[in-house]
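The next block holds one structure in the form of structure tokens; read it before the comments.
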Amino acid sequence: MRKMVFVTFFILILASIFAYDFELKDLGVAHKLSTIEGKMLLVVFSSPSCYYCKLFDKDVLTDKNVQEFMRGNYIFVRIEPGSYKTTFLGKSYTNDQLFGAFGVRGTPTFVFLKDKSQITQVPGYMPASDFLKALRFLVRVVEENYKGSFEEYSKKSDDYKGKPTIVNVKKEDADYVLKNDKNAKQVDAIPSKVDINAVYVTTSSDVAKKLAELGAIRVLVVSK
């Protein structure tokens with residue numbers, strides 16, 4: 001009995017170590033957040049029995065640089081097989097149906113979306129350094145209109161953090177973000193320490209401008 005308790009406790013510890021705190025499970029919620037915040041949506045189609053999915057969780061998703069860049073520039077959602085239901089682009093899907101809708105044939109598969117458009121789909125595992133380079137490349141392409149190829153870009157050294165952006169939102173959208181995005185923070189003044197990868201929500205355009213000047217990647221200004 002004690003051995004079983006210890007094993008369970010050990011598994012829970014491992015799960016907490018490997019977890020990415022800002023991972024979502026509902027595609028509909030994740031897509032709405034990405035639309036409000038003006039970010040790309042990164043969808044990973046995964047499976048609990050998939051070796052390379054576990055390797056991604058252990059070696060890539062725990063990488064501090066990957067986590068920080070994802071937090072600042074992406075909304076991240078994991079879809080696993082099952083009957084869980086969501087509403088995506090006005091249609092109801094189970095997770096099993098989402099695999100079919102996106103044409104996913106193996107795991108892990110990474111799907112990158114912006115608004116209603118799919119940017120690209122990447123099957124298979126990548127080491128953390130390659131994955132981070134791919135994340136940066138796609139943000140540069142979408143946000144900064146980068147024209148080079150990934151092969152060309154991958155040969156460069158790039159410590160790109162993201163493009164500071166101010167987004168005007170309605171109050172109900174701001175409330176939705178604060179409720180569903182653990183990375184969101186409501187502020188009335190400049191924090192003593194600015195976390196550039198947090199999503200700041202404010203009613204002050206002056207605070208928003210200053211946060212962007214200080215490097216905050218995403219600032220939401222609530223319309224009055």
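By convention here, the first residue in the shown sequence is residue 1.
The hydrophobic cluster containing Leu178 also contains Ile36, counting ILVMFWY residues as joined when their side-chain heavy atoms lie under 4.5 angstrom apart, directly or transitively. One hydrophobic cluster, built from ILVMFWY side chains closer than 4.5 Å, holds both Leu132 and Val142. Hydrophobic clustering (side-chain heavy atoms under 4.5 Å, transitive across Ile, Leu, Val, Met, Phe, Trp, Tyr) keeps Val141 apart from Val111. Note: the hydrophobic cluster containing Leu27 also contains Val177 (ILVMFWY, side chain heavy atoms under 4.5 Å, direct or indirect links). Under the 4.5 Å side-chain heavy-atom criterion for Ile, Leu, Val, Met, Phe, Trp and Tyr, Phe131 and Ile79 are members of distinct hydrophobic clusters.
Side-chain atoms of Asn73 come within 3.5 Å of backbone atoms of Lys161 as a donor-acceptor pair (strictly under, hydrogens ignored). Looking only at distances, a side-chain donor or acceptor of Arg218 sits under 3.5 Å from a matching main-chain atom of Glu37. Panel note: side chain Tyr74, backbone Leu135; a donor-acceptor pair is recorded below 3.5 Å. Looking at Asp115, its side chain never comes within 3.5 Å of a backbone N or O of Thr35 through a donor-acceptor pair.
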Side chain to side chain contact (heavy atoms under 4.5 Å, CB included) between Val77 and Leu42, worked out: CA-CA 6 Å; Val77 60; Leu42 170 53; over 6 Å; no
CA sep, side-chain torsions, deciding dist, call: Met70, Met40, side chain to side chain contact (heavy atoms under 4.5 Å, CB included): CA-CA 10 Å; Met70 281 176 52; Met40 263 196 288; over 6 Å; no
Audit row: Val44, Thr109, side chain to side chain contact (heavy atoms under 4.5 Å, CB included) steps and yes/no: CA-CA 6 Å; Val44 58; Thr109 293; over 6 Å; no
Worked verdict on Tyr160 versus Phe69 for side chain to side chain contact (heavy atoms under 4.5 Å, CB included): CA-CA 9 Å; Tyr160 181 61; Phe69 192 79; 4.1 Å; yes
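Other residues, nucleotides and ligands contribute more than 12 heavy atoms inside 6.0 Å of the NZ atom of Lys156. By the 6.0 Å contact criterion, NZ on Lys114 is enclosed, its count of non-hydrogen atoms from other residues, nucleotides or ligands being greater than 12. Counting heavy-atom neighbours within 6.0 Å of Glu172 CD, excluding the residue itself, gives a total above 12.
Counting heavy atoms from C-beta on, the side chains of Thr120 and Leu138 come closer than 4.5 Å. The shortest side-chain heavy-atom distance between Val199 and Lys39 falls under the 4.5 Å cut-off. Using a 4.5 Å heavy-atom threshold, the side chains of Lys116 and Leu89 count as touching. Using a 4.5 Å heavy-atom cutoff, the side chains of Cys53 and Pro108 are in contact. Between Lys209 and Val207 there is no side-chain heavy-atom pair separated by less than 4.5 Å. Within the 4.5 Å cutoff, the side chain of Val221 has no heavy atoms near those of the Val167 side chain. Contact annotation: the side chain of Arg78 approaches that of Leu61 to within less than 4.5 Å [non-hydrogen atoms, C-beta and beyond]. Counting heavy atoms from C-beta outward, Leu113 and Phe102 have side chains that approach closer than 4.5 Å.
Between Arg136 and Asp159 there is a salt bridge, with a side-chain nitrogen of the basic residue lying less than 4.0 Å from a carboxylate oxygen of the acidic one. Note on Asp173 versus Lys171: no salt bridge recorded, every NZ/NE/NH1/NH2 to OD/OE distance being 4.0 Å or above. Ionic pairing of Lys133 and Asp158 is not present here: no N-O contact between side-chain nitrogen and carboxylate oxygen is shorter than 4.0 angstrom. Taking 4.0 Å as the cut-off between side-chain N and carboxylate O, Asp175 and Lys179 do not count as a salt-bridged pair.
The shortest heavy-atom contact between Ser47 and Thr107 is CB-OG1, 3.9 Å. Heavy-atom minimum distance, Pro48 versus Glu80: CG-OE1, 3.8 Å. Asp96 approaches Gly82 most closely through the heavy-atom pair OD1-N, 2.8 Å. Nearest heavy-atom pair, Ala128 versus Asp63, reported as atom, atom and distance to 0.1 Å: CB-OD2, 3.8 Å. Listed here is the closest heavy atom pair of Gly162 and Pro164: O-CD, 3.4 Å. The two atoms that bring Val201 and Ala174 nearest to each other are CG1-CB, 3.9 Å, heavy atoms only.
Relative ring orientation between Phe76 and Phe56 is described as tilted, the plane-to-plane angle lying within the 30° to 60° band. Ring-plane geometry between Phe150 and Phe137 is classed as perpendicular, the angle between the planes exceeding 60 degrees on a 0 to 90 degree scale with a lower cut at 30. Aromatic ring orientation, Phe99 versus Phe45: perpendicular (interplanar angle above 60°, classes split at 30° and 60°). Aromatic ring orientation, Tyr153 versus Tyr146: perpendicular (interplanar angle above 60°, classes split at 30° and 60°).
Residues Phe112 and Phe110 keep their aromatic ring centres 6.0 Å or farther apart.
Legend: residues meeting side-chain contact (heavy atoms from CB on, under 4.5 Å) with Ser34, ordered by chain and number and at least two apart, are His31, Leu41, Ile75. Evaluation of the side-chain contact (heavy atoms from CB on, under 4.5 Å) rule for Pro191 yields Val187, Val194, Tyr200, Leu211 as partners, not counting sequence neighbours.
With rounding to the nearest 0.5 angstrom, the CG atom of Leu214 is 13.5 Å from the NZ atom of Lys193. One finds the OH atom of Tyr20 at 10.5 Å from the NZ atom of Lys182 (value rounded to the nearest 0.5 Å). Atoms NZ and CG, on Lys54 and Asp59 in that order, are 13.5 Å from each other to the nearest 0.5 Å. Rounding to the nearest 0.5 Å places CG of Asp181 at 7.0 Å from CG of Leu24. With values rounded to the nearest 0.5 angstrom, Asp206 atom CG is found 10.5 Å from Thr203 atom OG1.
Donor-acceptor pairing under 3.5 Å is lacking for the side chains of Asn168 and Ser223. Side chains of Thr202 and Ser204: a donor-acceptor N/O pair is absent below 3.5 angstrom, by distance only.
Here the options are Asn95, Thr94, Asp26, the test is side chain to side chain donor-acceptor pair (under 3.5 Å), and the partner is Tyr84; only Asp26 passes.
Judged by the 6.0 Å distance and 45° axis criteria, Lys32 is positioned over the aromatic ring of Tyr176.
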